[in-house]
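Take a look at the structure below.
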Protein chains: 4
Amino acid sequence: MSKTKKLPEENSRSEESKTRILLAAADIFSRKGLDGARVDEIAAAAQINKRMIYHYYGSKENLYVEVLRYNYNKIYVLSKGAFVPGDDPRENVRRALRRYFYFLAQDEEFVRLVSWEALNRGRYGSMVLPQLLDLAQSDLGEILQDGINRGIFRPDLDIRQVLLSIHALCLVYFTRREMIQPMWPQDLMSEDMLESRLQHILDFVFNGILKHDKA
Amino acid sequence: MSKTKKLPEENSRSEESKTRILLAAADIFSRKGLDGARVDEIAAAAQINKRMIYHYYGSKENLYVEVLRYNYNKIYVLSKGAFVPGDDPRENVRRALRRYFYFLAQDEEFVRLVSWEALNRGRYGSMVLPQLLDLAQSDLGEILQDGINRGIFRPDLDIRQVLLSIHALCLVYFTRREMIQPMWPQDLMSEDMLESRLQHILDFVFNGILKHDKA
Amino acid sequence: MSKTKKLPEENSRSEESKTRILLAAADIFSRKGLDGARVDEIAAAAQINKRMIYHYYGSKENLYVEVLRYNYNKIYVLSKGAFVPGDDPRENVRRALRRYFYFLAQDEEFVRLVSWEALNRGRYGSMVLPQLLDLAQSDLGEILQDGINRGIFRPDLDIRQVLLSIHALCLVYFTRREMIQPMWPQDLMSEDMLESRLQHILDFVFNGILKHDKA
Amino acid sequence: MSKTKKLPEENSRSEESKTRILLAAADIFSRKGLDGARVDEIAAAAQINKRMIYHYYGSKENLYVEVLRYNYNKIYVLSKGAFVPGDDPRENVRRALRRYFYFLAQDEEFVRLVSWEALNRGRYGSMVLPQLLDLAQSDLGEILQDGINRGIFRPDLDIRQVLLSIHALCLVYFTRREMIQPMWPQDLMSEDMLESRLQHILDFVFNGILKHDKA
DNA sequence: GATGAATGAGATTTCATTCAT
DNA sequence: GATGAATGAAATCTCATTCAT
């Protein structure tokens with residue numbers, strides 16, 4: 001139905017309106033969810049007549065699906081290129097994790113849309129992608145395998161579990177932001193705090209919490 | 001209000017209705033969220049006249065808050081008693097984690113309500129508890145500190161970060177269930193799979209992914 | 001969905017409201033058709049909140065179908081009993097035709113609803129009855145056959161064609177009322193004019209179907 | 001309006017567009033009626049910009065009236081010339097009826113527009129013609145009178161009633177097509193079936209209006 | 001003359017809430 | 001305490017019409 005396959009960046013007035021609607025909708029859906037969002041609100045935010053939303057997207061639900069599609073595409077841009085084959089697996093993990101962590105840090109919209117979708121049991125997202133595996137789609141799986149092969153990472157790892165765990169360690173910081181903020185005096189989104197969380201994750205992933213005596 | 005008998009045991013018919021509403025509401029709110037749930041639906045599920053919901057709870061939103069309160073209380077039951085002071089810190093962590101993990105496994109309602117609440121930025125939950133920190137409320141903090149003190153856990157750990165990470169590792173398995181299920185052939189909620197995830201978490205938490213040569 | 005199978009004449013307040021809606025809708029749909037009618041208008045005419053229409057009938061379209069069902073049922077009341085087996089076939093025809101003609105004369109609502117339905121190609125009526133054959137449903141078919149068997153009516157008649165023709169001769173007077181009124185000075189619905197049309201039809205029909213002995 | 005060339009032959013592009021709109025509108029109005037038709041649909045069918053409809057016809061309603069005018073004109077083409085003064089009145093009736101019947105058979109659009117109009121109580125058609133009496137406008141009235149005068153048709157006929165009846169006998173076959181089709185195995189619009197209905201009508205009409213000599 | 005985009009008014013439908021009993 | 005019926009407000013969606021080019 002929609003031809004906005006990649007980025008909505010064609011032109012002509014209509015494309016621009018269509019895009020304005022999509023961006024406004026993405027913002028509002030991400031903040032309030034499908035049920036909480038109001039079409040009137042989206043129209044106002046897009047500075048366009050409500051009628052146009054139906055003209056371009058057919059229904060509120062379909063607009064939501066298009067918003068998902070648009071956001072899910074962001075993952076593709078992110079995913080590839082983190083794995084540098086010759087490189088130290090540890091370095092590869094660091095790179096991929098940093099990239100993913102900061103991607104989430106910078107795109108709250110994405111984080112929230114994915115979360116709504118999880119609560120909706122993938123009802124709408126499944127119309128867009130057979131399955132969105134976030135990180136799994138990226139190179140991280142290959143990186144881990146490479147590390148195992150090269151004897152750097154433990155050979156008994158279940159890569160799927162590790163991917164899921166890494167995913168969780170990054171995401172939780174953003175999805176629970178309001179709830180954990182009171183635990184720290186600084187703003188969770190400040191550069192320092194972000195970097196500090198990332199370092200914790202890397203440390204955690206590599207070493208766990210045990211003190212490893214080496215001799 | 002005027003002449004109702006005030007029996008010492010007040011669990012009369014009215015209390016039972018009130019409870020039926022709460023349980024039905026908890027189920028439906030957990031599945032659809034505040035905005036997605038319908039008062040009619042709740043009344044039907046509670047097998048009660050819609051009017052009673054307003055009689056007992058005043059409004060849909062307030063009913064939702066009561067559902068949150070009821071669920072958040074479950075945490076208290078869970079939290080205390082995991083920390084056995086003299087015990088090996090590793091053993092204490094294992095016990096607390098297992099307890100928490102299976103608590104989440106057995107209470108999807110809780111998991112989902114907490115997740116909706118996170119997306120709602122704690123708007124309603126904050127009416128109930130100043131902050132719900134799930135695990136943090138439990139003994140795990142103390143256990144970790146005890147482990148550090150006793151030289152078993154690394155001294156440079158930021159306990160808050162660790163608590164958050166452990167929380168994430170457990171929760172993600174349930175909140176993303178539908179999305180990750182395709183990665184495994186077995187049912188994610190089967191005993192085997194649950195135990196296997198728990199072991200992964202324990203292993204991950206204790207050791208991370210690196211191969212630690214010991215000599 | 002609806003339990004108003006026969007006549008809507010149960011009781012209790014809700015049944016009464018439901019009936020009021022149905023009657024108001026029948027009136028307005030018959031005057032303006034499905035597309036021309038407004039739900040607001042029906043609600044106002046039924047002196048009820050619009051919401052109730054959806055509560056009882058689900059949708060405008062479904063309400064229309066129920067109106068059709070209610071009206072089509074009138075035919076059954078009418079249809080049976082015109083055929084008196086031993087009687088002169090001519091007498092039987094006279095009786096059945098008079099009955100049908102005056103039924104149409106007295107129920108403009110029915111006439112118009114059936115006509116809208118015809119223009120809609122039976123789209124909605126077919127949900128109610130597999131086929132509404134108006135007169136054909138009545139005894140007239142039997143009466144004609146009886147007349148043929150007894151040598152009063154011409155043996156080469158195609159009863160289906162005759163039924164259709166009779167149907168047309170009666171109905172046209174009411175469906176084209178506004179258009180033909182200018183041809184006569186009196187009111188088409190006056191007793192005199194009605195009787196005069198009926199006599200014309202009977203005369204027309206008899207001299208058409210009668211076997212004319214020539215000697 | 002200011003400087004447009006006023007060619008003697010004005011059938012330029014504009015006239016052609018105007019006509020295309022009219023034809024598309026006639027088709028759609030005839031199928032769905034005034035209320036059921038959509039301006040968008042008409043524009044799409046005419047392969048023209050919607051704006052042009054307003055440019056040429058001012059409003060949807062006015063376009064409908066023009067469609068009626070265009071269709072009602074067809075009657076004039078049909079009407080005259082059926083009456084051959086010297087001819088046998090029976091022959092004249094046969095000719096006129098056949099002509100009318102097949103005119104209706106071939107122009108469903110006309111049949112349906114006239115029927116919508118009847119249900120609309122001539123609201124729009126009356127803007128076009130003070131009264132449209134279909135057949136009455138034709139020679140049939142004269143033919144009947146001629147037949148009476150010459151002692152072929154019964155002298156007590158009310159010509160208006162007969163005209164109305166003949167009108168009905170022809171029209172009903174087309175207006176109720178979908179509803180009566182199930183009564184016959186063949187397609188109602190097949191040559192055989194059409195001819196068979198026409199013969200029925202002629203037979204029906206003649207044996208009704210003919211003076212039956214008994215010796 | 002022609003077009004694509006846009007709109008305001010109003011249609012149908014939904015929903016939390018309250019009335020009358 | 002409990003119920004069935006009802007409602008006002010607001011949501012989604014539709015449509016004839018007009019603007020800007």
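A, B, ... follow the sequence lines: proteins, then strands. Residue 1 opens every chain. Since this is a predicted model, take the numbers as computed values, not measurements.
- Between B:Y57 and B:K18 the shortest heavy-atom distance is OH-O, 3.0 Å.
- For the pair C:Y54 OH and E:dT14 C1', the interatomic distance rounds to 10 Å; values are reported in whole Å.
- Along DNA chain E, the nucleotide nearest D:H55 and the nucleotide nearest C:S59 are compared for position; the residue whose nucleotide lies closer to the 5' end is D:H55.
- In terms of heavy-atom proximity, D:K60 sits nearest to D:A37 at NZ-O, 2.9 Å.
- Atom P of nucleotide E:dT13 and atom OH of C:Y64 are separated by 15 Å, given to the nearest angstrom.
- Closest heavy-atom contact between A:T175 and B:A118: O-CB, 3.8 Å.
- Rounded to an integer number of Å, the gap from CD of C:E61 to P of F:dC13 is 17 Å.
- Between the CD1 atom of C:I53 and the P atom of E:dT14 there is a distance of 13 Å, given to the nearest Å.
- A tilted orientation is assigned to the rings of C:W116 and D:W116, their planes being inclined by 30° to 60°.
- Note on A:S14: every side-chain N or O is 4.0 Å or more away from OP1 and OP2 of E:dG4.
- Atom CD in C:E16 sits roughly 15 Å away from atom C1' in E:dA20 (whole-Å rounding).
- Within residues 32-44 of chain B, the residues approached by DNA chain E to less than 4.0 Å at the level of any non-hydrogen atom are B:A37, B:R38, B:V39, in residue-number order.
- The shortest non-hydrogen separation linking A:I21 to A:I48 is CG1-CG2, 3.9 Å.
- Within the 4.5 Å cutoff, side-chain heavy atoms of B:R112 are placed close to those of A:R121.
- Base pairing in DNA chain F yields stems of at least 3 consecutive Watson-Crick or G-U pairs, both distances under 3.5 Å, namely E:2-21 with F:2-21.
- Residues D:Y72 and D:E117 are in side-chain contact: their nearest non-hydrogen atoms beyond the backbone lie under 4.5 Å apart.
- Contact detail for A:V67 and A:A26: the closest heavy-atom pair is CG1-CA, 3.6 Å.
- Residues C:E41 and C:R31 are not paired through a salt bridge, judged by the lack of any N-O separation under 4.0 Å between the basic side chain and the carboxylate.
- Residues B:A46 and B:R20 come closest through the heavy atom pair O-NE, 2.8 Å.
- One can place CZ of C:R20 at 13 Å from P of F:dA5, the figure rounded to the nearest angstrom.
- The shortest side-chain heavy-atom distance between A:L68 and A:F29 does not fall under the 4.5 Å cut-off.
- In this structure, C:Y56 atom OH and E:dT13 atom P are separated by 18 Å, rounded to whole Å.
- Of the possible polar contacts, none joining the B:E178 side chain to the A:G122 backbone as a donor-acceptor pair under 3.5 Å is found.
- Per the geometry, CD1 belonging to D:I21 stands 11 Å off P belonging to E:dG1, to the nearest Å.
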Restricting both atoms to N or O, compile the protein contacts to nucleotides 7-9 of chain E shorter than 3.5 Å, with distance only.
| from | atom 1 | to | atom 2 | distance (Å) |
| --- | --- | --- | --- | --- |
| E:dT7 | OP2 | A:N49 | N | 2.8 |
| E:dG8 | N7 | A:N49 | ND2 | 3.0 |

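- Of the listed nucleotides (E:dA2, E:dA16, F:dA5), E:dA16 has the atom at the smallest distance from the side chain of B:K60.
- Contact annotation: D:S17 side-chain N/O to E:dG1 OP1/OP2 distance is not under 4.0 Å.
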